[in-house]
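Numbering starts at 1 and runs along the sequence shown.
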Amino acid sequence: MLPLSGMGIMRICIADTVDWDYHVGTPLGQPMGGMQSAACYLAMALAAQGDDVTFLNHTRHPGEWFGVDCVSWADASATARLRLQPFDAVVSLTANPLPFRELFGPDMRLVLWSGHADDQPPVQVLAHEEIARLWDGFVLVSEWQRECFTRRFGLDRDRTAVLRNAIAPVFENQFASATELAVEKKTDPVRLAYTSTPYRGLQLLMAIFPLLDRPARLEVYSSMATYAGGDTDAPYKDLYDICRNTPGSQYVGAIPQPDLVHALRRVGILAYPNIFAETGCIAVMEAMASGCAVVTSSLGALPETTEGFATLISVSDDWYGYAREFLAALHRSMDFVHSDAGIEHLWRQVEHINATCTWTVRARQWVDLLDAGWGLSRAGDQPSSAPPAP
């Protein structure tokens with residue numbers, strides 16, 4: 001199968017089998033999981049640059065959204081039509097390739113795009129070589145994740161590529177100048193925020209925050225509401241109560257991204273004592289775009305994600321030592337965000353993220369990757385050309 005983009009248009013189907021009701025516009029109005037949000041933003045960015053994009057999932061509101069044709073798995077006639085479409089590639093968020101091979105046939109270029117860590121249940125199907133061979137390529141969101149995948153699943157490195165995640169469009173270009181950034185960040189007291197899911201370090205933060213030796217305000221934008229299905233917040237209700245009852249702390253929960261943008265403008269520090277190895281943390285990227293100093297761990301791909309702008313704390317079995325180091329880093333950062341040198345640093349950070357970590361940039365990189373013919377051969381075939389550098 002030859003790429004069709006020589007005609008000027010790349011034809012891509014982005015697909016997801018998770019049983020969530022969403023379409024490409026959903027993350028604009030409600031909290032949603034990172035990879036699903038990423039897929040929506042990539043689809044919109046591809047459509048905006050003129051590519052022909054189809055989004056296949058379990059939406060209950062099929063139709064055209066933001067220039068993207070959203071199709072439901074429940075519509076048998078619509079999915080049957082997809083088999084006849086001359087897609088350049090089908091990009092799946094789901095690690096099991098069988099539904100896509102059944103629908104699109106053996107000759108379609110089929111690419112897995114995953115943000116899962118290699119030890120997570122949704123990707124364990126890749127441990128079966130006969131299943132992994134059904135994928136033409138694997139797009140991962142960090143070099144750290146790629147190393148983990150190739151080591152655990154024995155993937156051919158030539159069949160992998162790294163294309164990082166990016167910030168939601170509403171986080172782009174929030175500040176016109178370093179002066180405007182300074183006005184927003186030099187609050188008294190300094191504002192801290194936690195914006196990830198609760199199990200990634202919130203309990204530890206709530207043990208550290210009361211130990212600060214100066215006034216601060218902590219805003220907790222955390223919930224399991226970004227993941228559909230059941231009362232997934234039930235195990236964390238006691239933790240949320242601690243957030244509500246700790247002096248200086250405010251529990252807000254997960255909020256739509258346009259609201260989070262407004263909230264983070266005056267937050268000085270993302271306080272994220274991460275204990276969960278991130279493959280490519282969008283929450284950190286968006287805090288960086290919002291001009292927040294980032295204090296977090298060095299686990300997983302966080303060093304890649306923060307690109308030298310953050311304060312990273314090494315993690316070991318000594319959690320008391322980790323907490324002490326994190327507390328000291330918060331004290332330093334509280335002084336830093338009120339200094340001229342700190343504002344200059346944060347302004348460089350904001351400019352860097354806006355230049356390199358948007359979905360407009362990623363959409364071009366995806367097209368360059370696919371247009372170069374990457375992923376047109378499978379395991380056992382002649383290796384495809386090396387992917388372009390992201």
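Within 6.0 Å of the NE2 atom in His331, the count of heavy atoms belonging to other residues, nucleotides or ligands exceeds 12. Taking a 6.0 Å sphere around CZ of Arg214, one finds it holds more than 12 heavy atoms contributed by other residues, nucleotides or ligands. With a 6.0 Å radius and a threshold of 12 heavy atoms from other residues, nucleotides or ligands, Gln203 has its CD atom at or below the threshold. Annotation for Asp340: atom CG does not count as buried by contact number, only 12 or fewer foreign heavy atoms lying within 6.0 Å.
Asp136 and Arg101 are joined by a salt bridge, as a carboxylate oxygen and a charged side-chain nitrogen come within less than 4.0 angstrom of each other. At a threshold of 4.0 Å, the pair Glu184-Arg191 does not count as salt-bridged, since none of the basic side-chain nitrogens sits closer than that to a carboxylate oxygen. By the 4.0 Å N-to-carboxylate-O rule, Arg157 lies close enough to Glu143 to be salt-bridged with it.
For the 3.5 Å distance criterion, the side chains of Arg146 and Thr160 qualify, holding a donor opposite an acceptor. Thr296 and Asn274 share no side-chain donor-acceptor pair at under 3.5 Å. Side chain to side chain, Thr360 and Gln49 fail the donor-acceptor criterion of an N or O pair below 3.5 Å.
By the rule that hydrophobic residues join a cluster once side-chain heavy atoms approach within less than 4.5 Å of another member, Phe336 and Met288 end up as members of separate clusters.
The distance from the CZ atom of Arg133 to the CG atom of Leu126 is 14.0 Å, given to the nearest 0.5 Å. Interatomic distance, CD of Gln349 versus CG of Asn354, reported as 10.5 Å (0.5 Å rounding). The structure places CZ of Arg109 at 8.5 Å from CH2 of Trp374, a figure rounded to the nearest 0.5 Å. Separation of atoms CD1 (Ile167) and OG (Ser290) is listed at 8.0 Å; rounding is to 0.5 Å.
Screening residues 22-31 for side chain to side chain donor-acceptor pair (under 3.5 Å), with sequence neighbours left out, gives Asp16-Tyr22. Contacts classified as ring-ring contact (aromatic ring centres under 6.0 Å, His included) and involving residues 269-303 (residues at least two apart or in different chains) are given here: Tyr194-Tyr272, Tyr199-Phe276. The stretch residues 201-220 participates, sequence neighbours left out, in no ring-ring contact (aromatic ring centres under 6.0 Å, His included) pair at all.
Looking at residues two or more places apart in sequence or on another chain, you find no side chain to side chain donor-acceptor pair (under 3.5 Å) involving Arg364. By the side chain to side chain donor-acceptor pair (under 3.5 Å) test, Asp241 is found to be paired with Arg244, residues two or more places apart in sequence or in another chain being considered.
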Cys292 and Lys185: side-chain contact (heavy atoms from CB on, under 4.5 Å), yes or no, with the steps? CA-CA 8 Å; Cys292 302; Lys185 298 304 175 184; 4.0 Å; yes

Run the side-chain contact (heavy atoms from CB on, under 4.5 Å) check on Asp21 and Thr59 step by step: do they pass? CA-CA 4 Å; Asp21 174 20; Thr59 182; 3.8 Å; yes

Evaluate Met206 against Cys243 for side-chain contact (heavy atoms from CB on, under 4.5 Å), listing each step before the verdict. CA-CA 7 Å; Met206 296 315 300; Cys243 297; 3.8 Å; yes

Could you go through Arg332 and Val295, starting from their C-alpha distance and side-chain angles, then the distance that decides it, and tell me whether this counts as side-chain contact (heavy atoms from CB on, under 4.5 Å)? CA-CA 10 Å; Arg332 293 193 299 270; Val295 181; over 6 Å; no

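A donor-acceptor pair is defined here as one N or O able to donate and one able to accept, closer than 3.5 Å; such a pair exists between the side chain of His338 and the backbone of Thr187. Judged by distance alone, with hydrogens and angles left aside, the side-chain atoms of Gln174 form no donor-acceptor pair with the main-chain N or O of Arg265 at under 3.5 Å.
For Leu330 against Ala271, the heavy-atom pair with the smallest separation is CD2-CB, 4.0 Å. Between Arg362 and Thr356, the closest heavy-atom pair is NH1-O, 3.0 Å.
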Would you give me the side-chain donor-acceptor pairs under 3.5 Å for residues 77-86, sequence neighbours excluded?
| residue | atom | partner | partner atom | Å |
| --- | --- | --- | --- | --- |
| Ser77 | OG | Asp75 | OD1 | 2.8 |
| Thr79 | OG1 | Asp75 | O | 3.3 |
| Thr79 | OG1 | Ala76 | O | 3.0 |
| Arg83 | NE | Leu103 | O | 3.1 |
| Arg83 | NH2 | Glu102 | O | 2.5 |
| Arg83 | NH2 | Leu103 | O | 3.2 |

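In this structure the side chain of Phe309 reaches within 4.5 angstrom of the side chain of Arg348, judged on heavy atoms.
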